[in-house]
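Comments concern the structure below.
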Amino acid sequence: MSNVHRDDIGSKLGMWLFIFTEILLFGGLFITYAVYRYLHPEAFHLASQELDVPIGTINTIILLISSATIAMSITAIQQKKKKLTLWLIASTIVLAAIFLINKYFEWGAKFEHGIFPGSEYLDSLGYGDVLFFGLYFFMTGLHAFHIIIGMAVLGFMFYYVKIDRLTFDNFQLLENGGLYWHLVDLIWIFLFPLFYLIA
Amino acid sequence: MSENKQHDAQKSYLEETGGRKGIFKWILSTDHKRIGLLYLYSIMSWFFIGVTLGVLMKLELIAPGITIMGAQSYNATFTVHGVIMIFLIVIPGLPAVFGNFMLPIQIGAKDVAFPKLNLLSWYIYIAGSILVVSSLFAGGGPPDTGWTFYAPYSFKTGTNMLPAVLGAFVLGFSSILTGLNFLVTIHRLRAPGMTWLKMPVFPWTLYGTAWIQLLATPIVGITLLMVIGERIFNIGFFDPAKGGDPILYQHLFWIYSHPAVYIMILPAMGAISEIIPTFARKTIFGYRAIIVSTLAIAFVGYFVWGHHMFTSGMSGTALFTFSILTFIVAIPSAIKVFNWVSTMHQGSISADVPFLWAASFIFVFMIGGLTGLILGALAVNVHVHDTAFVVGHFHFIVFGGTGFAFFGALHYWFPKIYGRMYDRAWAKTGWIIFFIGFITLYGPMFYLGIRGMPRRYFDYLPDYHGPNIISSLGALVMVTGFVIIVINLFKSARSGEKAEMNPWGGTNLEWRIPSPPPLENFDEIPTIDKATYKYD
Ligand SMILES: [Cu+2]
């Protein structure tokens with residue numbers, strides 16, 4: 001029944017559709033961002049200068065590299081290089097962890113300055129700041145949550161490659177996992193300039 | 001089992017247990033037919049709760065002042081009634097039950113594209129449902145915002161909003177996964193020869209629905225997530241005290257929730273398009289027009305959400321645009337009505353039970369649709385906004401439309417699903433009582449609304465008493481009809497007389513396999529060589 005029939009194209013199509021829904025999920029937040037940025041351009045400009053651009057840049061580079069490693073793992077598995085595949089998936093997961101650690105310190109620094117949703121200090125800064133940082137924490141938080149899901153997915157891929165459930169002629173699942181990881185990466189590529197760079 | 005091997009091939013999906021026992025042959029099976037029935041039973045169970053709450057509201061409104069409950073209980077009752085009926089019943093409704101059961105069969109496939117994901121969607125549905133229903137009992141009292149969860153009240157009120165909002169979010173996820181599954185199924189698993197334009201209308205409407213599920217649901221998902229963020233972290237997205245904009249919430253909410261109406265009604269139209277040709281013994285009239293109008297509804301339906309907010313505050317240009325688009329989206333629906341009526345024209349109609357449901361569907365759907373145009377007109381809308389008129393319109397479309405089509409589909413495919421026929425005399429009795437009750441219940445609301453009775457109040461001025469009595473009595477009549485229908489179907493599923501392969505003389509693939517179907521539907525994947533709905 002369920003396992004007899006294998007349809008790689010169908011499976012990839014399903015993954016693309018799912019990615020579409022994820023983009024729309026963030027789309028709702030991008031709309032909210034656009035509306036509030038339009039209403040409070042000054043405050044958004046000033047608040048964005050409070051963010052740590054070097055850490056943001058480093059995290060962007062980390063994610064870009066991780067996208068490259070996961071893409072390479074898909075090539076590696078097709079060339080029957082199991083060890084290399086495992087190594088590349090593992091490095092992707094490690095890079096994701098480094099991203100989260102950076103994020104932890106970045107958020108921590110903001111918390112120390114009393115900037116977090118609902119804090120009295122933030123509320124005293126005015127509407128624009130409340131909304132900017134509300135969006136910042138909500139969107140980067142939701143993105144971090146996707147990173148964690150992605151790490152779990154890639155963890156399964158690592159295990160499946162290890163037990164040879166994924167092989168050179170049956171690697172669609174790894175490709176789907178890779179697609180998901182690229183999505184996580186892509187969302188960050190939008191978040192980074194919107195919060196850190198646009199002035 | 002004493003059957004020999006040859007018989008084994010013909011074992012029905014109900015006998016094929018996969019070695020599992022009791023409830024496990026249901027909740028662990030990835031067979032699309034069993035999953036369809038899982039949805040049917042769960043939806044029906046929630047429907048009993050929803051109906052009970054609805055009846056309580058009608059009892060409260062049978063006389064002015066406090067009859068059986070006060071303001072807070074009434075607010076909670078209409079909220080939970082709405083949340084259950086919308087998110088637990090009509091949105092999954094036809095796609096999850098009949099889509100699951102019939103889609104693979106109608107396109108000549110053995111199952112959906114992702115059977116395990118399909119079962120997972122059901123589990124997610126159940127998790128979300130339990131969250132929603134738990135809001136009735138846990139902690140600070142049932143939610144009291146209305147099913148729309150309007151901000152900022154939805155994060156200021158002390159009632160159990162969290163389980164309700166989280167439940168709606170989880171249910172959305174289930175809906176997305178079902179839509180995704182159906183899209184891939186339709187793209188990848190059509191039998192050889194079943195080109196797009198040979199596909200029956202029901203799968204076509206599921207296709208349009210699936211796109212809406214996929215493209216609209218994430219927006220309400222993120223919106224509900226933001227409300228959860230507001231409640232837990234006090235962020236301020238929709239809180240005017242912090243610079244947030246409650247109108248933005250309304251926009252985000254209706255960007256999903258208007259297209260959601262088409263998630264409810266498109267598959268209903270699909271089911272009606274199956275029933276009418278079968279009982280008129282005629283090829284469906286204007287097959288292509290029906291397909292095109294399905295896709296047109298799915299597309300234009302995205303751009304009309306503002307008609308829910310005519311009195312909320314929008315620019316004149318926006319008002320005008322949303323109003324005219326609302327009128328435009330009515331055109332494809334009207335095309336379908338013309339197609340159904342033309343299909344019946346000069347057919348040899350047998351007015352059997354499914355046909356009665358389909359015909360009454362067209363009747364109530366037209367009333368619902370035309371009153372929708374009244375609401376879509378700007379000037380009139382200001383007058384009837386948030387009155388009983390809206391409640392009447394909405395129930396004529398959603399209950400009259402989706403509900404009637406659901407019962408029609410149930411009576412149409414029942415012999416296929418269970419391999420047994422129901423008692424037709426009782427089914428007709430149930431239908432006529434239900435139909436009369438329905439009109440009596442919701443009809444007076446139009447009058448009350450025009451006269452200015454606001455919705456969502458437990459109380460009203462004595463002037464409105466008469467029509468409210470009629471409406472409440474109608475509710476009791478309708479429930480009587482409903483009970484007759486359910487008991488008849490329930491008894492017949494166990495002990496009705498055996499049904500043949502094709503009791504109605506339908507032309508599509510589901511009528512060419514045994515009733516109930518074997519586990520894998522087809523011994524051999526069929527090849528399709530002629531157009532759908534062809535009568536010789
Ligand atoms: Cu609408």
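Please read all numbers here as calculations on a predicted model, not as lab measurements. In what follows, chains are A, B, ... by sequence order, proteins preceding strands, each numbered from 1.
- Atoms CZ and CG, on Arg188(B) and Leu13(A) in that order, are 7.5 Å from each other to the nearest 0.5 Å.
- Across Gly221(B), Gly244(B), Gly229(B), the residue that shares the most heavy-atom pairs under 4.5 angstrom with chain A is Gly244(B).
- Here the CG atom belonging to Leu25(A) is positioned 7.5 Å from the CD1 atom belonging to Ile176(B), to the nearest 0.5 angstrom.
- By the neighbour-count criterion of 12 heavy atoms within 6.0 Å, atom CH2 of Trp87(A) is sparsely surrounded, having that number or fewer from other residues, nucleotides or ligands.
- A side-chain donor-acceptor contact under 3.5 Å links Tyr36(A) to the backbone of Asp245(B).
- Here Asp123(A) is the residue among Ile31(A), Asp123(A), Leu142(A), Val35(A) with the most heavy-atom pairs under 4.5 Å with chain B.
- The number of heavy-atom neighbours closer than 6.0 Å to NZ of Lys12(A), taken from other residues, nucleotides and ligands shown, is 12 or below.
- Proximity to chain A (any heavy atom under 4.5 Å) is shown, for Lys110(B), by neither the backbone nor the side chain.
- Most heavy-atom pairs under 4.5 Å with chain A: of the set Ile255(B), Leu225(B), Thr223(B), this distinction falls to Leu225(B).
- Chosen from Leu215(B), Asn234(B), Leu177(B), the residue pairing most often with chain A at heavy-atom distances under 4.5 Å is Leu215(B).
- Residues Asp7(A) and Phe114(B) have side chains not in contact (no heavy-atom distance under 4.5 Å, counting atoms from C-beta outward).
- Using a 4.5 Å heavy-atom threshold, the side chains of Leu29(A) and Met226(B) count as touching.
- Two residues are said to be in side-chain contact when any heavy atoms from C-beta on lie closer than 4.5 Å; Phe137(A) and Ile235(B) fail this criterion.
- Of the atoms belonging to Leu117(B), not a single heavy atom falls under 4.5 Å from chain A.
- Aromatic ring centroids of Phe233(B) and Phe116(A) lie 6.0 Å or more apart.
- Within 6.0 Å of atom OH in Tyr104(A), 12 or fewer heavy atoms from other residues, nucleotides or ligands are found, so the atom counts as exposed in its surroundings.
- Applying the 6.0 Å contact sphere to NZ of Lys103(A) captures more than 12 heavy atoms from other residues, nucleotides or ligands.
- In this structure the side chain of Thr32(A) reaches within 4.5 angstrom of the side chain of Leu252(B), judged on heavy atoms.
- If you measure heavy-atom distances from Phe173(B) to chain A, the contacts under 4.5 Å come from the side chain alone.
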Side chains of residues 15-24 of chain A: which donor-acceptor partners sit under 3.5 Å, not counting sequence neighbours?
{"unit_1": "Thr21(A)", "atom_1": "OG1", "unit_2": "Phe18(A)", "atom_2": "O", "d": "2.6"}
{"unit_1": "Glu22(A)", "atom_1": "OE1", "unit_2": "His146(A)", "atom_2": "NE2", "d": "2.6"}
{"unit_1": "Glu22(A)", "atom_1": "OE2", "unit_2": "His146(A)", "atom_2": "NE2", "d": "3.2"}

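- With a threshold of 4.5 angstrom between heavy atoms, Ala241(B) approaches chain A through N, CA, C or O but not through any side-chain atom.
- Annotation: maximal heavy-atom pairing with chain A below 4.5 Å, among Asn181(B), Ile219(B), Leu214(B), occurs at Leu214(B).
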Trace of the side-chain contact (heavy atoms from CB on, under 4.5 Å) decision for Phe30(A) with Ile222(B): CA-CA 11 Å; Phe30(A) 286 125; Ile222(B) 195 65; over 6 Å; no
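- The local environment of CD1 in Ile189(A) is crowded, with over 12 non-hydrogen atoms from other residues, nucleotides or ligands closer than 6.0 Å.
- Other residues, nucleotides and ligands contribute over 12 non-hydrogen atoms within 6.0 Å of the CZ atom of Phe111(A).
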